[in-house]
Amino acid sequence: MRNVMAHRIHDVGTSIFSEMSALATRHGAVNLGQGFPDFAGPAFLKEAARAAISADLNQYAPSHGLPVLRSALARTYGPLYGRELDVDREITVTSGGTEAIMVSVLALVNPGDEVILLEPYYDSYPANVLAAGGVPRHVRLREPDWTLNPDELRAAITPRTRVIMLNTPHNPTGKVFSRAELELVAQLAREHDLVVISDEVYERLVFPPAEHVPLCTLPGMWERTVTILSAGKTFSVTGWKVGYAVASAALTEALRRVHQFCTFATATPLQAAVAAGLEAGEGYLAEFRAFYTARRDELVTALSDVGFRVRPPQGTYFVMADYRGLGGEGDLEFCRRLIREVGVAAIPPSAFFHDGHQTGHVRFCFAKQPQTLAAAAERLRKLTRA
């Protein structure tokens with residue numbers, strides 16, 4: 001039988017998360033690799049979901065989202081973006097941020113168009129670009145601060161460039177892009193008539209003094225930015241898969257033409273619950289940030305104590321830790337050894353570079369209960385006894 005796989009996805013392999021999680025399960029390791037909380041979401045959010053199910057909100061929602069959720073999103077993000085959002089023409093509810101990214105790429109990228117990816121990147125980005133028939137162009141963030149080099153970004157733009165994909169706060173590095181870096185992206189987007197798909201799913205998880213600046217608020221960027229957001233990250237319910245894309249009416253029309261034939265609509269009772277969650281406002285968010293600040297500090301301390309070199313992340317729930325004082329092998333082999341011999345799982349960031357670039361770092365997730373991080377810290381002490 002002939003090869004059944006389409007040529008455009010030939011180079012799309014199995015996610016590194018699948019391999020590391022399977023290996024962690026096999027060895028009974030504490031899994032600080034895959035980025036999901038191991039604790040319950042807010043009680044008020046779960047109660048809102050139960051109430052919605054009991055009220056029989058169990059049929060298809062409108063394709064672009066329940067009106068009550070789009071209205072809550074407009075009230076939440078309109079003031080942050082300095083504009084009144086049109087709930088009917090500028091907000092689309094999707095099945096997670098990942099679907100919003102895929103829909104955006106399919107809606108905006110033609111076969112042969114070039115898409116600039118800043119690496120290390122979230123691993124769905126190149127897969128999405130290839131699925132659309134696009135051509136990834138890579139610009140590497142520079143260590144140790146993961147800075148964006150202006151000359152390298154300019155040099156990557158060609159007449160075929162269509163889209164820049166941005167992620168701030170940034171997974172896997174924990175970086176929050178500075179205003180100066182965002183102004184550079186905005187300037188080049190305006191000069192070359194580009195669209196930016198801005199993945200901002202961790203926008204509520206930023207640690208002072210870092211500050212998140214939504215790209216769409218910069219001059220001239222509302223009409224050329226798709227902003228991706230996620231209830232799963234904000235409310236620690238990643239399995240609900242409720243995300244949203246906020247964009248101008250023209251961009252939103254393009255996204256919706258794809259979304260209607262992708263998932264069509266996202267789970268109705270969960271949309272209603274997220275609307276209730278958004279109304280909780282700053283009271284919930286203050287507790288959310290305080291919880292994650294404590295978990296970040298616990299993990300940074302545990303890693304530093306056993307010989308990792310760690311820069312505390314500015315945002316997200318990930319830490320990039322330099323392991324070169326603990327081993328000279330590549331990051332994949334180090335992660336495998338960490339699971340087998342120490343009993344802690346991490347993710348090798350070489351999976352987030354198109355050429356498997358080695359940074360000498362591994363990525364840990366601190367979206368975990370205190371007892372999970374304490375168990376990981378105890379196991380990590382084996383590294384000092386090796």
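Since this is a predicted model, take the numbers as computed values, not measurements. What's counted below: heavy atoms across the whole structure, side chains too, no hydrogens, waters or symmetry copies.
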Among residues at least two apart in sequence or on other chains, which ones pass side-chain contact (heavy atoms from CB on, under 4.5 Å) with [X]?
| X | answer |
| --- | --- |
| His357 | Arg140, Glu143, Phe353, Asp355, Thr359 |
| Pro67 | Pro62, Arg70 |
| Ser178 | Ala180, Glu181 |

Side-chain touch [X]/[Y], heavy atoms, less than 4.5 angstrom:
| X | Y | answer |
| --- | --- | --- |
| Glu203 | Pro214 | no |
| Arg309 | Arg324 | yes |
| Leu338 | Phe364 | yes |
| Phe288 | Arg204 | yes |
| Glu253 | Arg257 | yes |
| Leu118 | Phe177 | yes |
| Leu108 | Val226 | yes |

key: Separation between CD1 of Ile339 and CG of Leu23, rounded to the nearest 0.5 Å   =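 It is 4.0 Å, given to the nearest 0.5 Å.
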
request  = Assign the ring pair Tyr125 / Tyr121 to parallel, tilted or perpendicular, where the plane angle (0 to 90°) is split at 30° and 60°.
outcome  =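 If you compare the ring of Tyr125 with that of Tyr121, the planes turn out tilted.
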
request  = Cation-pi check, Arg296 to Phe207: give yes when NZ or CZ is under 6.0 Å from the six-membered ring centre and within 45° of the ring axis, no otherwise.
outcome  =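 Ring-cation test returns yes.
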
ask   = Is there any ring pair (Phe, Tyr, Trp, His ring centres under 6.0 Å) pair reaching into residues 231-250, and which pairs are they, with sequence neighbours excluded?
value =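 Sorted result for residues 231-250: Phe235-Tyr284.
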
ask   = Around atom CD of Glu84, are there more than 12 heavy atoms of other residues, nucleotides or ligands at under 6.0 Å?
value =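 Open.
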
message = Once side-chain hydrogen bond (donor to acceptor under 3.5 Å, both in side chains) is applied, do any residues pair with Lys368, and if so which ones, sequence neighbours excluded?
response =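 Counting only residues at least two positions away or on another chain, Lys368 forms no side-chain hydrogen bond (donor to acceptor under 3.5 Å, both in side chains).
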
Identify the residue among [options] that makes a side-chain contact (heavy atoms from CB on, under 4.5 Å) with [X].
| X | options | answer |
| --- | --- | --- |
| Val242 | Thr94, Thr234, Val93 | Val93 |
| Leu194 | Val163, Val115, Val185, Ile157 | Ile157 |
| Arg154 | Val139, Leu184, Asn149 | Leu184 |

[X] and [Y] ion-paired at < 4.0 Å:
| X | Y | result |
| --- | --- | --- |
| Arg224 | Asp193 | yes |
| Glu333 | Arg336 | yes |
| Glu279 | Arg75 | yes |
| Glu200 | Lys233 | no |

Table please: side-chain donor-acceptor pairs of residues 313-320 below 3.5 Å, with sequence neighbours left out.
| unit_1 | atom_1 | unit_2 | atom_2 | d |
| --- | --- | --- | --- | --- |
| Gln314 | OE1 | Val176 | N | 2.9 |
| Thr316 | OG1 | Phe318 | N | 3.2 |
| Tyr317 | OH | Gly35 | O | 3.3 |

task = Please check if the side chain of Arg379 supplies one atom and the backbone of Gly343 the other of a donor-acceptor pair under 3.5 Å.
result =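 Present.
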
ask   = So Phe291 and Phe39, ring pair (Phe, Tyr, Trp, His ring centres under 6.0 Å) or not? Walk me through it.
value = CA-CA 12 Å; Phe291 174 87; Phe39 49 84; 5.0 Å; yes

task = Go through the side-chain N and O atoms of Thr266 and Ser95 and say whether any donor and acceptor fall under 3.5 Å apart.
result =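 Yes, because at least one side-chain N or O of Thr266 sits under 3.5 Å from a partner of the opposite role on Ser95.
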
